[in-house]
Protein chains: 2
Amino acid sequence: MGRDARRRLSRTQLTSAALELMGAGRSFASLGLREIARAAGLAPAAFYRHFPNLDELGLALVDECGATLRRLLREARRTGLPPTQILRSSVLIFRDYVREHRAHFMFIASERGGGAPVIRQAIRTEEGHFAREMAQDMRRLGLMDDLDGDDLALLCRLTVSTVIDAITDILDLPEASHKAEREQMQELVLRLRMIFLGARHWREPRPAN
Amino acid sequence: MGRDARRRLSRTQLTSAALELMGAGRSFASLGLREIARAAGLAPAAFYRHFPNLDELGLALVDECGATLRRLLREARRTGLPPTQILRSSVLIFRDYVREHRAHFMFIASERGGGAPVIRQAIRTEEGHFAREMAQDMRRLGLMDDLDGDDLALLCRLTVSTVIDAITDILDLPEASHKAEREQMQELVLRLRMIFLGARHWREPRPAN
């Protein structure tokens, strides 16, 4: 194994060890640098070869969740599918990705409202990236043409937080419960349809009530 | 002080001590019964006079958050205000209540996606109560009359999770930042308007796109 490969491996050992400790119910804020190194089978000094401090490890975990998922969702929006199918296929991509990265998303779901402000802020920033990319893609695809930039941004922020909010439900679903799973995805699709329908009528004159 | 008053006091000491420990960045799952009793200035045995176990203390905290807020929101809906004003006044009531019960809602925000399944489930159940009460009140007020029961329930669930999702933003707002605060409440009101507008058009025939 070359030097770069060894380096990547020990970095992955550290992030995996942190995820494993959190998977056992610990919050990110309660983790110590030494115990992460120990759980990874590395010396404490090895930690500093990869991260200047603990927060940076948390931020790396947030990045890892976001980067691939953003690419997958952009690809889904660029397939040329009709809009309602983009919505459903994006929801399914999201569900599968969350399941395949279970430990990462348990971290995201619990730190999103949780203890460490720097991590919470990073997750929020990442959500902002998702919303902005979605808005760009919708412009490019000519969807919701009559919304101005601010209103389109509002729609995308609301969509992103509605989807993110479903993470815990996805993770809590018992294995092999196909009926519950279908209902859960249907619920999310219907929520998003209601939001998009509101956006489609956003520019109409409103009844005064 | 009578016996009942003393009993209520030591119960409050225990819940407050738990909230304080969590306010310092600890997750609920990481708390021990003995340390909560110690932080409350009580003997460990005193804990069992109030709660059979730690989970029950967590469930009591969830109840404390929900009960008063539900009453306040029902009152807001029954004032006879026009619907758009009900929406804005409910948002303001919610914000003030979250702020006045800061420690409780830090607990809710972080445990909602966090470590202890029994607490997470209780929070979700409480959110279900909110949504059902909202649906009942809307029926009674004759709002969104053309939605059937399932669709009205969908609208109310989506509304409740959109509002709950704003808790972290409310808690993270720097003190005395009136501009940021106005923007934040405006964002939430606009999100809810988009959802309600979608609900109002839910039963219309949809364009095939």
Side-chain angles (χ1 to χ4, degrees), chain A residues 22-30 82-85 105-117 120-121 123-124 143 150-151 153-155 157-159 161-162 164-169 171-172 186-188 190-202 204 206-209, chain B residues 22-30 82-85 105-117 120-121 123-124 143 150-151 153-155 157-159 161-162 164-169 171-172 186-188 190-202 204 206-209:
Chain A
M22 289 186 280
R26 301 277 304 280
S27 68
F28 179 75
S30 76
T84 51
Q85 291 201 36
F105 282 92
M106 280 180 64
F107 163 74
I108 295 289
S110 93
E111 294 302 322
R112 190 173 176 249
R120 192 161 66 234
Q121 193 54 52
I123 295 172
R124 215 172 297 181
L143 300 173
D150 284 350
D151 296 335
L154 172 71
L155 166 64
R157 287 193 300 272
L158 177 54
T159 300
S161 47
T162 301
I164 301 272
D165 194 61
I167 291 178
T168 317
D169 292 325
L171 293 175
D172 276 352
Q186 186 60 11
E187 167 83 9
L188 181 52
L190 290 176
R191 287 184 180 201
L192 295 176
R193 281 213 184 122
M194 191 169 275
I195 291 168
F196 275 73
L197 194 58
R200 192 177 300 153
H201 291 279
W202 193 246
E204 290 169 8
R206 303 193 198 157
N209 55 353
Chain B
M22 289 186 280
R26 300 279 304 280
S27 68
F28 180 75
S30 76
T84 52
Q85 291 201 35
F105 281 91
M106 279 179 65
F107 162 74
I108 295 288
S110 95
E111 294 302 322
R112 187 171 180 251
R120 192 162 65 234
Q121 192 55 53
I123 294 172
R124 213 170 299 182
L143 300 173
D150 285 349
D151 296 335
L154 171 71
L155 165 64
R157 286 194 300 271
L158 177 54
T159 301
S161 47
T162 301
I164 301 271
D165 193 60
I167 290 178
T168 317
D169 291 325
L171 293 175
D172 276 351
Q186 186 59 11
E187 167 83 10
L188 182 52
L190 289 176
R191 287 183 180 201
L192 296 176
R193 281 214 185 121
M194 192 169 274
I195 292 167
F196 275 74
L197 194 58
R200 193 177 299 151
H201 291 279
W202 192 247
E204 290 170 7
R206 309 205 189 144
N209 56 352

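Per chain, numbering begins at 1; letters A, B, ... match sequence-line order. Since this is a predicted model, take the numbers as computed values, not measurements. Only this structure's heavy atoms are used, side chains among them; waters, hydrogens and symmetry mates stay out.
- One finds the CD atom of A:Glu204 at 10.5 Å from the CZ atom of B:Arg200 (value rounded to the nearest 0.5 Å).
- Heavy-atom pairs under 4.5 Å with chain B were tallied for A:Leu171, A:Thr162, A:Asp169; the largest tally goes to A:Asp169.
- Atom OG in A:Ser110 sits 8.5 Å away from atom CD in B:Glu111 (nearest 0.5 Å).
- Pairing each heavy atom of A:Leu190 with each of B:Trp202, the nearest pair is O-CH2, 3.6 Å.
- Expressed to the nearest 0.5 Å, how far OG1 of B:Thr168 lies from CZ of A:Arg124 amounts to 6.0 Å.
- Counting heavy-atom pairs under 4.5 Å between each of B:Gln121, B:Arg157, B:Met22 and chain A puts B:Arg157 at the top.
- Heavy atoms only, all atoms of each residue included: B:Asp151 and A:Met194 are closest at O-CE, 4.2 Å.
- Considering only heavy-atom pairs separated by less than 4.5 Å from chain A, the leading option among B:Ile108, B:Leu154, B:Ile195 is B:Leu154.
- Between B:Ser161 and A:Asp165, the closest heavy-atom pair is CB-OD2, 3.4 Å.
- Heavy atoms of A:Ile167 lying under 4.5 Å from chain B are absent altogether.
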